[in-house]
2 protein chains.
Amino acid sequence: MGRWEPNARGRLEEAALALYGERGYEQVTVAEIAARAGLTERTFFRHYSDKREVLFAGSSLLREVLVKAVAEAPDGAPPVDVVGAALAAAGAVLEERRELARARQAVIDANPSLQEREVVKLATLATAVTEALRDRGIPEPAASLAAQSGIAVFRVAFERWIRETGQRSLPDLVRESFDELRTLTAT
Amino acid sequence: MGRWEPNARGRLEEAALALYGERGYEQVTVAEIAARAGLTERTFFRHYSDKREVLFAGSSLLREVLVKAVAEAPDGAPPVDVVGAALAAAGAVLEERRELARARQAVIDANPSLQEREVVKLATLATAVTEALRDRGIPEPAASLAAQSGIAVFRVAFERWIRETGQRSLPDLVRESFDELRTLTAT
DNA sequence: TACCTCCATGTCAGTGACTGACATCGACGC
DNA sequence: GCGTCGATGTCAGTCACTGACATGGAGGTA
């Protein structure tokens, strides 16, 4: 057994989400989060660059999944389909963490500075997808347009998925929202 | 004459831009900005919610111009033209402050946390335009699409305007970029 | 076994952004 | 003249975030 309990990051993220949910983001100090995780404030800042970032660590996983899915799409597939498949893959990742995602989103929705960070993270995802598309040889501005529209679709689907008590899976909702965009732009 | 020098906000903004430009955003303290403006740190925070906001105060003027232009566009004009006219109006506002805009953008481009705030401000502008369009009876998703594409066009034109030493005015560049978008989407 | 290096974490002392409470004092209306 | 108002000052405090240095188990090496 190590000198320290394992999975410090996991404990920090769990503690932060719980405390932010209980008392609101601004009413929680980093020292409290760290204490709840059995760590010190200094260690928190070694893992996360700031107090918000602890809520957004998962977005790097999402980015990897998106980029990988774009890279591995069949040759010659149209950009729209490539992005659609990538978004469905990302949706599948979140599908298994629905309650977590819901709690996290509630915290973000209650605080403007967290929304600010969320917007940036989404923009980062769009940029990553754009670059992955360009690596497939898709030229601008098609790459940017497809990526940004795709992220917009994902937001819509994600919001429905969070809001509904329903049975539909996130990948299904992504496909559905995507079809709506297709319908719109086909007119 | 008043008890205080007039135009405290103007002095704060000028001092902040100058200091950020000279030494970089992070190397400047709010106390220094306030001192240069002949005020105290506390007064700075009465005018601006945080250290970044002093650079973005002008965006509310831009929002007003955009919303007003959208509202006053001729009845029955297609959304695209409404947005185009609004962007040109906003461009005209900035046209008179080119060196200011250039200095400000250089500061923003040099600091990620300022870029974060900029992204949020642009999103806010897009939302305002969307609402103004909906007030004209333009339904979703046309309103959102037109607004967001419009802001994207504005960003492209603005970047060219900042970068070029050229003679072309920002409103002209806005129209030019807008035509490029039209060409793209017409295919 | 003894030793050594690594590295995640702890400890401590800062700096600076931001806030709340209260004081000040010209302008302005009465 | 007098009272209110509003922009600013003053002061003390909290907390996010950082740099420098200490600690001690893990895992490798002689």
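Note that this is a predicted model, so its numbers are computed, not measured. In what follows, chains carry the letters A, B, and so on, assigned in the order in which the sequence lines appear, proteins first and then strands, with residues in each chain numbered from 1.
With D:dG9, C:dG16, D:dA16 as the candidates, the nucleotide lying closest to the side chain of B:Thr29 is C:dG16. In the set D:dT8, C:dT9, D:dA16, D:dT8 carries the atom at the smallest distance from any side-chain atom of B:Arg46. Distances were taken from every side-chain heavy atom of B:Phe45 (C-beta onward) to each of C:dG16, C:dG10, C:dC18; the shortest belongs to C:dC18. Closest to the side chain of B:Arg3, out of C:dA21, C:dC25, D:dT23, is C:dC25.
The nearest whole Å value for the distance from the CG atom in A:Leu12 to the P atom in C:dA8 is 14 Å. Rounded to whole angstrom, the span from the CH2 atom of B:Trp4 across to the P atom of C:dC25 amounts to 9 Å. A:His47 places its NE2 atom 7 Å from the C1' atom of C:dA8, with the value rounded to the nearest Å. Computed from coordinates, the A:Leu114 CG to D:dA16 P distance equals 13 Å when rounded to whole Å. Rounded to an integer number of Å, the gap from A:Glu41 CD to C:dG10 P is 12 Å. For the pair A:Glu53 CD and D:dC17 C1', the computed distance is 14 Å after rounding to whole Å. Whole-Å rounding puts the A:Asp50 CG to D:dT18 P distance at 8 Å. Rounded to a whole Å, the CD atom of B:Glu26 is 13 Å from the C1' atom of C:dT15.
At distances below 3.5 Å, not a single donor-acceptor pair connects side-chain atoms of A:Glu41 with backbone N or O atoms of A:Val30. Between the side chain of A:Arg117 and the backbone N or O of A:Leu55, no donor-acceptor pair lies under 3.5 Å. A donor-acceptor contact shorter than 3.5 Å is absent between the side chain of B:Arg136 and the backbone of B:Pro79.
Below the 3.5 angstrom threshold, one finds a donor paired with an acceptor across the side chain of B:Arg42 and the base of C:dG20.
Side-chain polar atoms of A:Ser144 and A:Gln148 form no donor-acceptor pair below 3.5 angstrom.
The residue B:Thr40 sits close to a base: some heavy atom pair falls under 4.0 Å.
The minimum heavy-atom distance between B:Ala147 and B:Leu133, with the atom names listed, is N-CD1, 4.1 Å.
For the pair A:Tyr25 and B:Leu39, both in contact range of DNA chain D, the more 5′-proximal nearest nucleotide belongs to B:Leu39.
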